[in-house]
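Below is one structure, written out as C-alpha cells; the observations come after it.
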Amino acid sequence: MSSAWPAHSPSPVATSQGKTLLLGVALSPLVAPMVVIGLGLLQALVWLRLNQSILGLVLRHVLITLAYVVRALLAGLVHFDQNVFRHGIRTPFSG
C-alpha cells in the first residue's frame with residue numbers, strides 16, 4: 001500500500017515550528033479533560049465579563065469545537081493531492 005505523500009515531500013502537518021505550535025494549541029482540548037477546559041473558560045469569560053452574553057456563548061462553542069474541526073480537516077487533507085496546488089492544475093470546481 002503506497003502513501004499519499006512521496007518520501008521526499010514534507011507532510012502537510014507540522015512542517016514548521018509555528019505550525020506545530022498552532023496545531024498543538026488547536027488540538028489541546030482533545031488532550032485536557034473537559035472539566036479543566038470548562039473551568040478555565042468560565043474563569044476567563046468571567047474575567048472578561050462575557051460569561052452571561054451571547055458573545056461568550058459563541059466563544060465557548062467555537063473554542064471547544066475547534067479541536068474537533070481541525071482534527072477532521074487534517075484527516076481529510078492527508079489524502080489531498082498537493083500537485084493540484086504545485087502545478088496550478090484546473091479542477092472542475094476551480095471555475
Side-chain angles (χ1 to χ4, degrees):
M1 182 177 245
S2 66
S3 172
W5 295 100
H8 64 279
S9 176
S11 168
V13 179
T15 56
S16 71
Q17 289 181 352
K19 287 182 183 179
T20 304
L21 177 65
L22 185 61
L23 187 63
V25 169
L27 295 178
S28 63
L30 295 176
V31 179
M34 277 296 159
V35 172
V36 173
I37 293 170
L39 289 174
L41 278 173
L42 177 63
Q43 184 155 356
L45 292 174
V46 166
W47 183 70
L48 294 170
R49 295 186 177 148
L50 293 173
N51 59 329
Q52 294 181 355
S53 68
I54 297 296
L55 179 61
L57 178 69
V58 170
L59 284 174
R60 284 187 296 255
H61 178 75
V62 168
L63 290 174
I64 289 176
T65 58
L66 180 68
Y68 297 102
V69 171
V70 169
R71 182 72 177 189
L73 286 174
L74 288 177
L77 288 176
V78 166
H79 301 292
F80 188 75
D81 185 14
Q82 285 290 314
N83 290 325
V84 171
F85 291 113
R86 281 196 197 117
H87 302 296
I89 298 172
R90 295 184 63 85
T91 65
F93 305 108
S94 62

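- The hydrophobic cluster around Leu73 extends to Val69, counting ILVMFWY residues whose side-chain heavy atoms fall within less than 4.5 Å of a member.
- Qualifying side chain to side chain contact (heavy atoms under 4.5 Å, CB included) partners for Val58, counting only residues two or more places apart in sequence or in other chains: Ile54, Val62.
- Transitive grouping of hydrophobic side chains (ILVMFWY, heavy atoms separated by less than 4.5 Å) brings Leu30 and Ile64 into a common cluster.
- Side-chain heavy-atom separations under 4.5 angstrom define the hydrophobic clusters, and the remaining members of the one that includes Leu39 are Val35.
- Checked against side chain to side chain contact (heavy atoms under 4.5 Å, CB included), Leu42 has the following partners two or more places apart in sequence or in another chain: Val46.
- Atom CG of Asn51 and atom CG of Leu41 lie 11.5 Å apart (nearest 0.5 Å).
- Closest approach of Pro29 to Leu63, counting heavy atoms only: CG-O, 4.0 Å.
- The CD1 atom of Ile37 sits 14.5 Å away from the CZ atom of Arg60 when rounded to the nearest 0.5 Å.
- In this structure, Leu45 belongs to a hydrophobic cluster whose other members, linked by side-chain heavy atoms under 4.5 Å apart, are Trp47, Leu48, Leu50, Leu55, Leu59.
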